[in-house]
**Student:** 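Have a look at this one.
Atom set for the values below is all heavy atoms of this structure, side chains included, hydrogens, waters and symmetry mates excluded. Lettering follows sequence order; numbering is per chain, from 1.
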2 protein chains.
Amino acid sequence: MEMERGGEGGTGTLGKAMAVLETVALSDRPLRFTDVLAVSDQPRGTLHRQLSHLVQEGLLELRPDHAYVPGLRLLKLASASWARNEIRAVAAPFLEALHRQTGETVHFGVLRGREIIYLDKVESRQAVRMNSQIGNASPAFCTGVGKAALSTLDAEALEAALAGMEFRRFTPHTITDRSSFIAELDLIRQSGIAFDREEHEPGIRCVAAPIYDESRSLVAGVSVTGPAYRVSDAQLSQWAPLVGEAARAIMGELSARLGPQR
Amino acid sequence: MEMERGGEGGTGTLGKAMAVLETVALSDRPLRFTDVLAVSDQPRGTLHRQLSHLVQEGLLELRPDHAYVPGLRLLKLASASWARNEIRAVAAPFLEALHRQTGETVHFGVLRGREIIYLDKVESRQAVRMNSQIGNASPAFCTGVGKAALSTLDAEALEAALAGMEFRRFTPHTITDRSSFIAELDLIRQSGIAFDREEHEPGIRCVAAPIYDESRSLVAGVSVTGPAYRVSDAQLSQWAPLVGEAARAIMGELSARLGPQR
DNA sequence: CCAAAATATTCCAATATGTGGAACTCAGTT
DNA sequence: AACTGAGTTCCACATATTGGAATATTTTGG
């Protein structure tokens with residue numbers, strides 16, 4: 001009998017191909033064949049064919065200098081994925097309202113395993129460009145949105161998320177042990193509000209609230225973020241009710257829009 | 001001996017999986033199993049397993065009402081794809097300059113087969129949001145950027161692009177037959193400038209110029225776009241030199257930045 | 001409330017596909 | 001010219017995919 005692998009791994013061929021794709025696409029620099037080989041556990045011949053297939057499919061691109069970079073087909077797929085996301089569409093107007101009320105950056109992200117994936121971001125007068133943050137994954141345990149989301153999980157789901165969670169230190173304020181983290185979640189659960197006081201990025205503070213449905217098939221969060229020099233603790237606390245209200249409003253709209261039609 | 005398929009098709013298993021993924025992700029509404037079955041040429045059992053695998057990999061999501069929608073993993077991959085695109089990064093400052101000079105929306109897209117994939121867009125004071133246009137694919141034959149790009153292809157590559165091109169009518173001004181289109185390309189080749197006078201979207205005009213490298217491994221275009229009521233033909237002609245200059249500047253920078261290190 | 005119909009899911013023998021160790025090629029060096 | 005290191009190709013073998021048909025589930029409507 002084949003042992004189930006620890007978490008992700010292999011939907012047969014596709015799973016392996018995706019693992020390779022992600023290695024290359026999420027790396028911060030172009031990788032050459034040997035670079036990929038070094039981090040992959042596939043044998044030479046196999047890996048080479050997998051990369052070739054990914055290139056043929058337009059998911060990767062092989063530059064003349066033999067470096068693999070993300071292909072254009074990914075963009076095409078992603079824009080569809082973003083544009084058609086109903087949860088994002090429902091939340092958008094509330095995020096904008098929250099931004100107008102606070103004047104600071106508003107984030108909206110969903111929990112996926114141990115990560116938060118940002119679906120939307122509303123920020124100041126920024127020459128927006130497709131913000132590279134959108135679609136980005138951040139660790140859940142040290143972000144406001146992530147902690148808010150985790151606080152809504154039941155014992156079993158939380159255990160699954162915590163299992164193997166790496167409490168990596170990003171800043172001096174990062175919570176780096178499991179028991180402190182569980183205590184923090186208790187606090188968040190009581191107040192319905194999560195704070196991130198420079199736990200993920202130095203100089204960045206935020207206040208967040210959870211968004212979820214009864215079945216916990218959706219676990220997400222919304223936050224207001226600002227630079228520490230401009231945003232005091234008192235300021236965060238003052239925004240808390242607004243953030244909580246936005247979260248409740250989004251939940252209400254979600255259950256109204258998505259609930260019935262099931 | 002297996003006959004080579006007409007164009008796209010099958011890198012074995014991965015190719016088929018991607019075809020299914022694209023069917024679902026690029027559809028404008030959630031598809032249920034039978035919907036996908038109807039447009040796919042795969043047998044029931046096969047298709048079902050392919051969809052299951054895509055769901056397991058997070059590329060698709062299966063909602064409780066049995067509808068398949070694009071998954072979050074696509075977003076994660078895409079943001080990397082966009083953020084790390086060197087061509088886009090090189091072009092960005094020139095696009096912004098062009099926007100400042102004209103005050104209208106600037107597009108930048110690359111040719112991929114018969115489509116233009118938009119890599120960037122700089123527009124007026126728009127509450128940007130991750131513009132759904134980015135990553136979008138439009139037909140090359142009826143867009144300014146697309147026609148500019150096609151005009152740089154040699155006979156062989158152009159033939160490949162034209163083969164099987166559907167000259168679908170989008171507006172009364174769309175060029176809908178091959179010979180008129182080839183004549184149009186000749187014109188563009190001579191002037192180095194392409195106009196789109198409401199050929200794709202009613203009420204939308206643009207002027208575009210091609211961007212390419214010697215080897216034609218990169219074929220792209222840049223354009224300035226505006227609403228017909230505000231942008232006259234004379235205005236477009238007046239912008240043409242600016243657009244051409246921007247294109248040349250981008251090409252210069254590209255050859256300087258990407259050329260040597262090959 | 002229970003059949004009938006439509007839809008979704010599972011099964012499994014046949015086989016097309018992917019696997020991977022080893023051989024080969026093609027720079028760029030020493 | 002021999003050597004190193006990277007990339008690419010090969011092919012007997014193993015296995016994941018295939019797909020027709022059976023089964024399960026949900027929906028319809030009488």
**Student:** Just to confirm, is there a sub-4.0 Å distance from OP1 or OP2 of dT17(D) to any side-chain nitrogen or oxygen of T13(A)?
**Tutor:** yes

**Student:** Nearest whole angstrom, please: distance from the P of dG5(D) to the CG of L37(A).
**Tutor:** 15 Å

**Student:** Before accepting this row, confirm whether a basic side-chain N of the pair E156(B)/R216(B) lies closer than 4.0 Å to the acidic partner's carboxylate O.
**Tutor:** no

**Student:** Starting at CG of D35(A) and ending at C1' of dG7(D), how long is that distance when rounded to a whole Å?
**Tutor:** 12 Å

**Student:** Counting side-chain heavy atoms from C-beta on, which of dG7(D), dG19(D), dT18(D) comes nearest to P43(B)?
**Tutor:** dG19(D)

**Student:** Could you label the plane-to-plane angle of the F170(B) and F141(B) rings as parallel, tilted or perpendicular, counting under 30° as parallel and over 60° as perpendicular?
**Tutor:** tilted

**Student:** Please give, in whole Å, the distance from dG7(D) C1' to R63(A) CZ?
**Tutor:** 16 Å

**Student:** Give the nucleotide from the list dT8(D), dA8(C), dA6(D) with an atom nearest to the side chain of L62(A).
**Tutor:** dT8(D)

**Student:** Rounded to the Å, how far apart are Q42(B) CD and dG19(D) P?
**Tutor:**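 Between P of dG19(D) and CD of Q42(B): 6 Å.
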
**Student:** How is R32(B) classified with respect to the nucleic acid when contacts are heavy atoms under 4.0 Å: base, sugar-phosphate, or nothing?
**Tutor:** sugar-phosphate

**Student:** Classify the ring geometry of Y118(A) against H107(A): parallel below 30°, tilted from 30° to 60°, perpendicular beyond 60°.
**Tutor:**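 Taking H107(A) first and then Y118(A), their aromatic rings sit tilted (interplane angle of 30° to 60°).
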
**Student:** Quickly work out the Q50(B) CD to dA16(D) P distance and round it to whole Å.
**Tutor:** 16 Å

**Student:** Nearest heavy atom decides the nucleotide; on that basis, is T46(B) or F33(A) closer to the 5' end of DNA chain D?
**Tutor:**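 Looking at DNA chain D, the more 5' nearest nucleotide goes with F33(A).
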
**Student:** When the distance from NE2 of H48(B) to P of dC12(C) is rounded to whole Å, what number comes out?
**Tutor:**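 Checked: the NE2 to P distance equals 16 Å.
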
**Student:** Could you tell me how far apart R49(A) (CZ) and dG20(C) (C1') are, to the nearest whole angstrom?
**Tutor:**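 Distance, rounded to whole Å: 9 Å.
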
**Student:** Looking at dT9(C), dG18(C), dT19(C), which one has an atom nearest to any side-chain atom of K16(A)?
**Tutor:** dT19(C)

**Student:** Determine whether the aromatic ring centres of residues F33(A) and H48(A) are separated by less than 6.0 angstrom.
**Tutor:**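 Ring centres of F33(A) and H48(A) closer than 6.0 Å.
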
**Student:** Between E22(B) and R73(A) (salt bridge meaning N to carboxylate O under 4.0 Å), is one present in this structure?
**Tutor:** yes

**Student:** Please check the phosphate of dT8(D) (OP1 and OP2 only) for any side-chain N or O of S52(A) closer than 4.0 Å.
**Tutor:**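 For dT8(D), OP1/OP2 do not have a side-chain N/O of S52(A) under 4.0 Å.
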
**Student:** Could you check how far NE2 of H66(A) sits from P of dG7(D), rounded to whole Å?
**Tutor:**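 After rounding, the gap between these two atoms is 7 Å.
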
